[in-house]
Amino acid sequence: MICKVSAILWDGDDALQAACLLLEDALNAGLSEGYGPIEEMHVEVDAAVHSGLSEPRSVAGSYKHWQTAELVRYLSFPVRLLRDQIEGVATPNLVRRLSESLRSALNFPSKRVPKAFDYIHFRRDVEACLDRLN
């Protein structure tokens, strides 16, 4: 399984980018291929100025690969951190906050997760990766 962690930012924040890369590396090192028909996991970090009106939701979907035109199935987990939770915080503390937010997002999977996908095993492995990271 390929894991991608990306931050949606209005301006550059080196500590947050470094935290996203550490989280991505830990997830890629710890997750296997044996969960079912999902090939990718996306974690989207939204560095919001305010909390907004609605909470983001987990998404299960698919897209066509740009080179092979094969269908790629993915799970996407939103992580929302407010600007004041990010600014001036060191990278290790940001990794801890990202991990806590991702754990919360794992509690609410998308309703479109395929039945053949072993979500319980997947969640346990993600949480083990997060434990090793912190």
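These numbers come from a predicted model, not from an experiment.
Under the salt bridge (Lys or Arg N to Asp or Glu O under 4.0 Å) criterion, R124 pairs with no residue at all, not counting sequence neighbours. Legend: residues meeting side-chain contact (heavy atoms from CB on, under 4.5 Å) with D25, ordered by chain and number and at least two apart, are absent. Remark: T91 pairs with A15, A18, A19, L22, V95 by the side-chain contact (heavy atoms from CB on, under 4.5 Å) rule, at least two apart or across chains. For E100, the salt bridge (Lys or Arg N to Asp or Glu O under 4.0 Å) criterion is met by no residue, not counting sequence neighbours.
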Show every donor-acceptor pair shorter than 3.5 Å between a side-chain atom in residues 106-117 and any protein atom, with sequence neighbours excluded, or say none if there are none.
residue, atom, partner, partner atom, Å
N107, OD1, R123, NH2, 2.5
S110, OG, A60, N, 3.4
S110, OG, R112, N, 3.1
R112, NH1, A60, O, 3.1

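Considering only heavy atoms from C-beta on, L81 comes within 4.5 Å of S101 through its side chain.
Residues Y74 and L27 fall into different hydrophobic clusters, defined by Ile, Leu, Val, Met, Phe, Trp and Tyr side chains chained together at heavy-atom separations under 4.5 Å.
Of the N and O atoms on the side chains of H42 and E40, at least one donor lies less than 3.5 Å from an acceptor on the other residue. Between the side chains of E44 and S6, not a single donor N or O lies within less than 3.5 Å of an accepting N or O.
Taken from CG in L102 to CG in L133, the straight-line distance is 10.5 Å, to the nearest 0.5 Å. Once rounded to the nearest 0.5 Å, the distance linking CD1 of I2 with CD of E24 reads 10.0 Å. The distance from atom CD of E39 to atom CG of L71, rounded to the nearest 0.5 Å, is 7.5 Å. Interatomic distance, E87 CD to L16 CG, rounded to the nearest 0.5 Å: 11.0 Å. Taken from CD1 in I38 to CG in L75, the straight-line distance is 4.5 Å, to the nearest 0.5 Å. Here L23 contributes atom CG and S99 contributes atom OG; the two are 5.5 Å apart, rounded to the nearest 0.5 Å.
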Item to check | From CA spacing to verdict: side chain to side chain contact (heavy atoms under 4.5 Å, CB included), V126, F77 | outcome: CA-CA 12 Å; V126 171; F77 296 94; over 6 Å; no
Next on the checklist: Checking K4 against M41 for the side chain to side chain contact (heavy atoms under 4.5 Å, CB included) test, could you report, in this order, the C-alpha distance in whole Å, the side-chain angles of both residues, the deciding distance, and whether it holds?
Outcome noted: CA-CA 6 Å; K4 300 175 182 178; M41 171 187 175; over 6 Å; no
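For residues 58-77, no residue pair satisfies the salt bridge (Lys or Arg N to Asp or Glu O under 4.0 Å) rule, not counting sequence neighbours.
The two residues F122 and Y35 have their closest heavy-atom pair at CA-CE2, 3.5 Å. Shown here for A7 and Q17, the closest heavy-atom pair between the two residues is CB-NE2, 4.1 Å. Minimum interatomic distance between S58 and A105 (heavy atoms only, all atoms of both residues): OG-O, 3.7 Å.
Checking V43, L94, V79, V45 one by one against C20, the side chain to side chain contact (heavy atoms under 4.5 Å, CB included) holds for a single residue, V45.
A donor-acceptor distance shorter than 3.5 angstrom exists from the side chain of N28 to the backbone of C3, with no hydrogens or angles considered. For N93 (side chain) and V89 (main-chain N/O), no donor-acceptor pair under 3.5 Å exists by modelled atom type.
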